[in-house]
Colleague: 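Sending over a structure as structure tokens; questions will come in a sec.
Any value given below was found using the heavy atoms of this structure, including those in side chains, with hydrogens, waters and symmetry copies removed.
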Amino acid sequence: MILWLKGVVFNVTTVDLKRKPADLHNLAPGTHPPFLTFNGEVKTDINKIEEFLEEVLAPPKYPKLAAKQRDSNTAGNDIFAKFSAYIKNTKPEANAGLEKVLAKALWKLDNYLNTPLPDEIDADSAEDEKASNRKFLDGDDLTLADCNLLPKLHIVKIVAKKYRNYEIPTEMTGVWRYLQNAYTRDEFTNTCAADKEIELAYMDVAKRLSK
């Protein structure tokens with residue numbers, strides 16, 4: 001997604017992670033994608049990879065993708081951890097509590113998306129501050145913050161519905177606006193896995209609630 005937004009031409013090769021080719025297995029043993037190699041150096045930390053791409057693929061040839069607002073980089077950063085605890089739980093008595101914790105994290109993101117950013121506020125206006133209608137975390141353009149959060153949020157939506165029958169509430173207007181805008185962008189839809197593939201990937205991860 002980052003490379004697409006940067007305007008870089010690249011090839012995609014699908015790999016079965018359960019039967020990794022020898023060269024890939026030896027490249028970064030014990031680690032899971034994504035990882036990046038450059039001049040013989042392997043980078044496995046997603047943040048380091050993002051920093052490297054932003055530094056190397058820089059203006060004027062390539063657009064800058066860093067978010068302007070610091071809070072945009074951390075918005076929603078606790079959602080996936082809450083989701084993981086929720087989906088891996090096997091105890092029925094704990095399900096409601098874990099679902100509530102996940103919902104709280106989603107509401108926090110929703111609040112951020114509906115709260116105007118500084119550049120959306122007219123300091124000279126006497127009118128009451130209106131809710132934000134921006135498309136993405138940091139404005140109307142996709143940034144590194146979105147590249148990090150959107151794939152995870154999409155997984156949460158698909159997997160929670162499939163294995164826990166939990167749907168992101170329609171009242172979370174900011175979250176749904178965010179997702180719907182993302183689904184109109186080729187950079188996102190063409191770089192994330194199909195819904196069925198996500199469901200299959202989580203078949204063994206999502207734990208059934210014991211009766």
Side-chain angles (χ1 to χ4, degrees), residues 1-14 27-28 31-81 83 105-106 108-125 129-157 172-193 198:
M1 187 173 172
I2 295 174
L3 293 177
W4 195 311
L5 287 169
K6 287 284 188 181
V8 176
V9 177
F10 59 93
N11 294 322
V12 176
T13 302
T14 303
L27 194 62
T31 64
H32 297 286
F35 45 80
L36 180 147
T37 62
F38 184 77
N39 287 342
E41 182 182 355
V42 181
K43 298 181 184 296
T44 59
D45 181 86
I46 184 63
N47 293 322
K48 295 295 183 183
I49 292 174
E50 289 180 354
E51 290 174 5
F52 174 80
L53 292 175
E54 187 72 347
E55 179 182 340
V56 174
L57 305 175
K61 187 174 181 179
Y62 302 101
K64 185 178 180 180
L65 297 180
K68 296 177 181 177
Q69 306 299 324
R70 181 180 297 179
D71 288 345
S72 294
N73 292 315
T74 57
N77 64 352
D78 59 340
I79 289 176
F80 205 71
F83 157 76
L106 288 166
K108 184 179 177 182
L109 172 63
D110 186 74
N111 181 65
Y112 183 75
L113 289 165
N114 282 329
T115 300
L117 297 173
D119 56 8
E120 293 181 284
I121 299 174
D122 184 353
D124 298 324
S125 176
E129 186 179 293
K130 295 181 180 179
S132 175
N133 62 356
R134 68 184 185 277
K135 295 180 180 180
F136 304 111
L137 287 172
D138 204 57
D140 288 337
D141 295 317
L142 288 163
T143 65
L144 289 177
D146 301 299
C147 293
N148 191 1
L149 180 61
L150 274 172
K152 296 175 183 176
L153 191 60
H154 179 64
I155 288 173
V156 170
K157 190 193 81 164
M172 295 186 185
T173 56
V175 172
W176 277 108
R177 184 180 71 249
Y178 183 45
L179 284 169
Q180 294 302 332
N181 281 316
Y183 295 145
T184 68
R185 297 292 295 263
D186 289 343
E187 299 96 333
F188 177 62
T189 58
N190 289 336
T191 55
C192 67
I198 294 173

Colleague: State, yes or no, whether a side-chain contact exists between L65 and D141 at a heavy-atom distance under 4.5 Å.
Modeller: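 Result no, sub-4.5 Å side-chain heavy-atom pair not found.
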Colleague: Considering non-hydrogen atoms only, spot the tightest contact between L117 and L137 and give its length.
Modeller: CD1-O, 4.0 Å
Colleague: Which heavy-atom pair separates A182 from T189 by the least distance, and what is that distance?
Modeller: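 Looking at all heavy atoms of both residues, the shortest contact is O-CG2, 4.1 Å.
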Colleague: Report yes or no: does E54 contribute a side-chain atom to a donor-acceptor pair with the main-chain N or O of K64 at less than 3.5 Å?
Modeller: no
Colleague: Counting only N and O atoms by type, is there a donor-acceptor contact under 3.5 Å from the side chain of E187 to the main-chain atoms of I2?
Modeller: no
Colleague: Atom CD of residue position E55 - does it have more than 12 heavy atoms of other residues, nucleotides or ligands inside 6.0 Å?
Modeller: no
Colleague: Do the side chains of K130 and E120 get close enough for a salt bridge, i.e. N-O under 4.0 angstrom?
Modeller: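 Salt bridge flag = no for E120 with K130.
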Colleague: Look up atom CG in L150 and atom CD1 in I155, then write down how far apart they are to the nearest 0.5 Å.
Modeller: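 Answer rounded to 0.5 Å: 11.0 Å.
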Colleague: Please report the C-alpha distance between L5 and L144 in whole Å, then the side-chain angles of each, then the deciding distance to 0.1 Å, and finally whether the side chain to side chain contact (heavy atoms under 4.5 Å, CB included) criterion is met.
Modeller: CA-CA 9 Å; L5 287 169; L144 289 177; over 6 Å; no
Colleague: Taking salt bridge (charged side-chain N to carboxylate O under 4.0 Å, His left out) as the test, write out the residues that go with K43, two or more places apart.
Modeller: E41
Colleague: Please give me the minimum heavy-atom distance between V156 and F80, naming the atom from each residue.
Modeller: CG2-CD1, 4.1 Å
Colleague: Mind checking the NZ-SG spacing from K6 to C147? Nearest 0.5 Å is all I need.
Modeller: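 That separation rounds to 9.5 Å.
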Colleague: I need the L113 CG to N133 CG distance, nearest 0.5 Å.
Modeller: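 Answer rounded to 0.5 Å: 11.5 Å.
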Colleague: What's the verdict on side-chain hydrogen bond (donor to acceptor under 3.5 Å, both in side chains) for N114 and R177, showing C-alpha distance, side-chain angles and the deciding distance?
Modeller: CA-CA 10 Å; N114 282 329; R177 184 180 71 249; 3.0 Å; yes
Colleague: For the residue pair P151 and D146, what are the closest heavy atoms and their distance?
Modeller: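 P151 and D146 have their closest heavy atoms at CD-O, 3.8 Å.
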Colleague: What verdict does the side chain to side chain contact (heavy atoms under 4.5 Å, CB included) test give for F136 and T143, after you've listed the backbone C-alpha separation in whole Å, the side-chain angles of each residue and the deciding distance to 0.1 Å?
Modeller: CA-CA 8 Å; F136 304 111; T143 65; over 6 Å; no
Colleague: Is any side-chain heavy atom of M1 less than 4.5 Å from a side-chain heavy atom of N190?
Modeller: no
Colleague: Contact between Y183 and N181 at the side-chain level, heavy atoms closer than 4.5 Å - yes or no?
Modeller: no
Colleague: Using modelled atom types and a 3.5 Å cut-off, is there a donor and acceptor pairing between side-chain atoms of D140 and backbone atoms of R134?
Modeller: no
Colleague: Hey, does the side chain of Y112 reach the backbone of S72 with a donor-acceptor pair shorter than 3.5 angstrom?
Modeller: yes
Colleague: Do L149 and L109 make a side-chain contact, defined as non-hydrogen atoms from C-beta onward lying under 4.5 Å apart?
Modeller: yes
Colleague: Indicate yes or no for a side-chain donor-acceptor contact from D110 to the backbone of T173 under 3.5 Å, with no hydrogens or angles considered.
Modeller: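 Such a contact is found between D110 side chain and T173 backbone.
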Colleague: D138 and K68: which non-hydrogen atoms are nearest, and at how many Å?
Modeller: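 Here D138 and K68 meet closest at OD2-N, 2.6 Å.
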Colleague: Counting distance only, does the side-chain N/O of K108 pair as donor-acceptor with the main-chain N or O of G76 below 3.5 Å?
Modeller: no
Colleague: Considering all heavy atoms of both residues, which atom of A131 and which atom of P116 are nearest to each other, and what is their separation?
Modeller: C-CG, 4.3 Å
Colleague: Flag the pair F83 / K157 as yes when at least one side-chain heavy-atom distance between them is below 4.5 Å, and no otherwise.
Modeller: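 Result no, sub-4.5 Å side-chain heavy-atom pair not found.
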Colleague: Quick one, L53 with E50, criterion side chain to side chain contact (heavy atoms under 4.5 Å, CB included). Give me CA distance, side-chain angles, the key distance, then yes/no.
Modeller: CA-CA 5 Å; L53 292 175; E50 289 180 354; 6.0 Å; no
Colleague: Looking at K135, I want to see if its NZ is surrounded by more than 12 non-hydrogen atoms of other residues, nucleotides or ligands under 6.0 Å.
Modeller: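 Not buried by this count: 12 neighbours or fewer within 6.0 Å.
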Colleague: Apply the test side chain to side chain contact (heavy atoms under 4.5 Å, CB included) to residues Y178 and L153: give CA-CA distance (whole Å), side-chain angles for both, the deciding distance (0.1 Å), then the verdict.
Modeller: CA-CA 10 Å; Y178 183 45; L153 191 60; 3.7 Å; yes
Colleague: Counting N and O atoms only, with roles assigned by atom type, does the side chain of N73 sit under 3.5 Å from a partner on the main chain of A145, one being a donor and the other an acceptor?
Modeller: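 Side chain of N73 to backbone of A145: no pair is present.
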Colleague: Would you check if I79 and K152 make a side-chain contact, meaning some heavy-atom pair closer than 4.5 Å?
Modeller: no
